[in-house]
Amino acid sequence: MSCEVKIENNKIYTPLKEKWLVLKPEEEVRQKYICRLINSYGYDVEQMAQEIQVSNSSRGQGRAMADIVVWKSKEDKLKENSPVIVVECKAEHITIREEDYFQGYNYASWAGADFFVTTNLKETKIFRVVKGKIPKRLEEIIDIPKASIVNNSKKIDELLKQTKAFTRDEFSKLLFKCHNIIRNNDKLSPEAAFDEISKILFIKIRYERSNDKTQLFSLEEFKKDRESYEKYKSKDAPEFYQFLFEQTKEEFKDDDLFSEHEKIRIKQGSFEAIVKELEKYNLSITSDDVKGIAFEQFLGRTFRGELGQFFTPRTVVDFMNDVLDPQEGEIVCDPCCGSGGFLIKSFEYIRAQIEEDIQKQKEAIKEQYYDEAYEKLSDKEKAKVDEKVNELFAKLNAELDKDNKNSRLRKLSYECIFGTDANPRMSRTAKMNMIMHGDGHGGVHHNDGLLNVNGIFENRFDVILTNPPFGSRIEKSLKITEEDKFTDKKRIEKYIDRYGEEYKKALAQVNDNVGKSILSLYDTGKMSGLTEVLFIERCLKLLKPSGRMGIVLPEGVLNNSNLQKVRDYVESKAKIALITSIPQDVFIASGATVKPSLLFFKKFSEEEAKEYESIKEEVTQTVEEKYKDELEKIEKQLSLRGKDAPSKEAKKELRIQKKELEAKIESEIKALIKEKFNYEIPIAEVQKAGISTTGAKIENELIPLEQEFSKYRKKQKLWSANRFKVSYEIKDDEIVRTLDDKEMVL
């Protein structure tokens, strides 16, 4: 039989009870999932039930009422044997978090089920139930069994073994296998083959995100949908797999992932083979750490050669992020983002802070409502308290829903993470990588990192993490062109609305300088054309006063005498917070050949900038006064003309004396500034940074170094984060959030 949800006069029909119930959001989700169990998984209404009470002996859990229970057969249900699946349903607007699973998972444990499902239809997660005890950690798996295999213990065991840890390694291997299918069948280069896999991954994400059929975009589902499509398609309609890609492009069009005319460039046979390989992984629900880590492993293997420079080793990324310690509410940027490693780490790091805070709020709610008085209540009264706690939890969960425009995770995803890369494949890869890790991709653009775009402009960022390209030069002949101008009028209006007048000034950096050299935009452009030098200045300009940055640089920038003026420039704008020399080995696996250093700066605060300029002015005046007479005497002799003029040799000697004296003055000024504007610069060198020359995992001395530096910077108060001030209060059984002194009822 097939099933469809029936709704009439604010009532909804439930086939499991054969009656009409009041239409509530949770009830609608339950009936839709029951239809999915029938239509997509093949279960019969006679082997299912809803709102089944299971035993409960745990304080603070209330009555154990399972939303949907599925047995292996009608007979098992009649005999009241243990079911195979227990389903917990939440309203569609509620984001489900792992800490909320305890209730439904306990129900599944008490009922003796093998599988526990939690769903709000937008998101469905499935767990294996460990028998005999409630585990400290939930073990997420990929799917529940279809009715056709529910009595096959071997196939049930196979499903139960496909846990997260298994999934991560297997997924990484399968991506590489898919890559080889394209290279062998379609003869594409590694990079072009990667582009095609990207398209299929996004088709799969879109299909599984809709979550209205089975869990997975399988070959079986693809063929069923294709059959239906071909029955009704027009003569000029594209092949079904191309049609799916067109729909996917439309859904992701605001993200500039693919050009308007982009097509899938592989044969349908290759497409189907890849869908078949990937069909056991649901990319809309697979944990971010599974998708993300597997995708990064695949990226590393695919691009290790030609594009290795776009991948900063993970141990370095982790260390630099932990040193800078980005906080919720701070805006983070990487103007040379490559595959997005720094941005992903910062996103995950801040998201973990938000999740931890929400969990603390939930613990406080549990303490408040599940007290000794709760134990004395009747089951009916306990149920009311449980319902209230669930409502409060749901409102807190909304803070972790990036589709909720007022949520904390939304702010992080859409307002706090920005990056650019000049390589179109890399900027697209960074977006994709970030989606795989959870999000924050909207602020990433294909653009020259030295030029402003979207929200990436001067004095805007609290934290910058970057690994700029080394060793290449920007020539004076490289001009800003009309093509560099950002011309999308709709987006410009949107950005002006978001960023105000500052955005108009940001556009002027390009619009007012068309035809001029890019070097002319930078003070250091007069000193050096090296990309790493220009990016140091770019990052300092992007930072707000007191902003902090971490940058990977070749060690020569620190000790090359030709770059002394560059170092002087940097020290006139920021304090050096830490210098860390790391072995070349760690970057060799990524294809780099230069010994790197990790530099951390804190841009002067407005007060520090004034203090520095005041000291510089005072010192300059003092030193110049000291040598004024001597310098004037030399200049006077050089200015003599006619018979009083010094000889050619004497003039040469005088010019040498003048040059030496000016160098002495400059040197004394710098020494006195350093003496008066004095601060400690920690310098460290590590011999092992977690990765060998072959990419193998080894000892990582960066971890204890970060811990030691963290204590030091806190003691020295090197920086204070520009974070949101968030607090929650329960008033009249409602949660009131205060964010930067603005109150909002959740």
Side-chain angles (χ1 to χ4, degrees), residues 1-7 11-24 26-56 63-90 103-121 124-132 141-162 211-216 218 220-221 224:
M1 65 168 276
S2 67
C3 174
E4 60 181 58
V5 175
K6 297 176 188 172
I7 297 173
K11 296 222 166 172
I12 187 165
Y13 184 74
T14 169
L16 301 189
K17 289 191 169 187
E18 296 184 318
K19 66 179 183 180
W20 291 86
L21 301 173
V22 175
L23 178 61
K24 292 181 179 176
E26 291 85 352
E27 193 61 56
E28 187 173 354
V29 168
R30 174 158 47 195
Q31 296 314 316
K32 284 180 177 175
Y33 197 76
I34 287 168
C35 285
R36 188 188 296 182
L37 288 167
I38 293 167
N39 298 335
S40 298
Y41 288 92
Y43 289 103
D44 191 277
V45 290
E46 294 188 333
Q47 66 190 111
M48 294 189 281
Q50 74 177 63
E51 289 183 306
I52 296 297
Q53 188 161 356
V54 291
S55 63
N56 173 25
R63 296 180 312 146
M65 193 71 76
D67 285 333
I68 305 170
V69 177
V70 183
W71 284 269
K72 289 184 177 180
S73 64
K74 174 185 172 183
E75 290 69 33
D76 272 2
K77 177 182 172 182
L78 291 171
K79 290 176 183 175
E80 296 187 339
N81 290 340
S82 291
V84 67
I85 303 165
V86 166
V87 183
E88 175 84 356
C89 299
K90 300 284 185 189
Q103 191 176 51
Y105 188 87
N106 288 347
Y107 298 172
S109 298
W110 297 327
D114 290 311
F115 298 86
F116 164 54
V117 179
T118 181
T119 184
N120 62 3
L121 294 184
T124 302
K125 290 201 176 224
I126 297 159
F127 302 93
R128 67 187 284 259
V129 179
V130 178
K131 299 294 176 70
I141 55 175
I142 60 172
D143 207 356
I144 54 172
K146 291 191 173 184
S148 57
I149 66 160
V150 76
N151 288 295
N152 184 326
S153 57
K154 186 179 176 185
K155 292 201 171 178
I156 292 287
D157 283 345
E158 281 176 13
L159 266 180
L160 290 169
K161 282 174 186 169
Q162 289 175 358
N211 216 337
D212 54 359
K213 295 186 179 178
T214 58
Q215 287 289 103
L216 304 163
S218 63
E220 181 186 345
E221 288 297 316
K224 267 199 268 180

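Please read all numbers here as calculations on a predicted model, not as lab measurements. In this chain, numbering begins with 1 at the start of the sequence shown.
Residue K17 places its NZ atom among more than 12 non-hydrogen atoms of other residues, nucleotides or ligands, all under 6.0 Å distant.
Residues Y41 and D143 have side chains in contact (heavy-atom distance under 4.5 Å, counting atoms from C-beta outward). Residues Q31 and Y13 are not in side-chain contact: their nearest non-hydrogen atoms beyond the backbone lie 4.5 Å or more apart.
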* Determine, stepwise, if the pair I144 / L37 fulfils side chain to side chain contact (heavy atoms under 4.5 Å, CB included). => CA-CA 10 Å; I144 54 172; L37 288 167; 3.7 Å; yes

* F115 and L160: CA distance, side-chain angles, deciding distance, side chain to side chain contact (heavy atoms under 4.5 Å, CB included) verdict -> CA-CA 8 Å; F115 298 86; L160 290 169; 3.6 Å; yes

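Here the closest non-hydrogen pair linking Q47 and K74 is CB-N, 4.0 Å. Taking both residues in full, the closest heavy atoms of P83 and V69 are given as CB-CG1, 3.2 Å, listed atom of the first, atom of the second, then distance. Nearest heavy atoms, S82 versus G112: CB-O, 3.6 Å. Contact between G42 and A147 at its shortest, heavy atoms only, is O-CB, 3.2 Å. Between T119 and V29 the shortest heavy-atom distance is O-CG1, 4.0 Å.
The pair E28-K32 meets the salt-bridge criterion, with a side-chain N (NZ, NE, NH1 or NH2) lying under 4.0 Å from an Asp/Glu carboxylate O. A salt bridge is defined here as a Lys NZ or Arg NE, NH1 or NH2 lying under 4.0 Å from an Asp or Glu carboxylate O, and R30 with E27 meets this definition.
For the salt bridge (charged side-chain N to carboxylate O under 4.0 Å, His left out) test, no residue two or more places apart in sequence or in another chain qualifies with K24. Judged as a side-chain contact (heavy atoms from CB on, under 4.5 Å), and not counting sequence neighbours, the contacts of K77 are A49, W71. For N151, the side-chain hydrogen bond (donor to acceptor under 3.5 Å, both in side chains) test picks out no residue, with sequence neighbours left out.
Here the CG atom belonging to L159 is positioned 12.0 Å from the CZ atom belonging to R128, to the nearest 0.5 angstrom. Here K72 contributes atom NZ and I149 contributes atom CD1; the two are 11.0 Å apart, rounded to the nearest 0.5 Å. For the atom pair OH of Y43 and OG of S73, the computed distance is 11.0 Å after rounding to the nearest 0.5 Å. Atoms OG and CG, from S153 and D114 in turn, are 10.5 Å apart once rounded to the nearest 0.5 Å. For the atom pair Y33 OH and M48 CE, the distance stands at 10.5 Å (nearest 0.5 Å). Taken from CD in E51 to CG in D67, the straight-line distance is 7.0 Å, to the nearest 0.5 Å.
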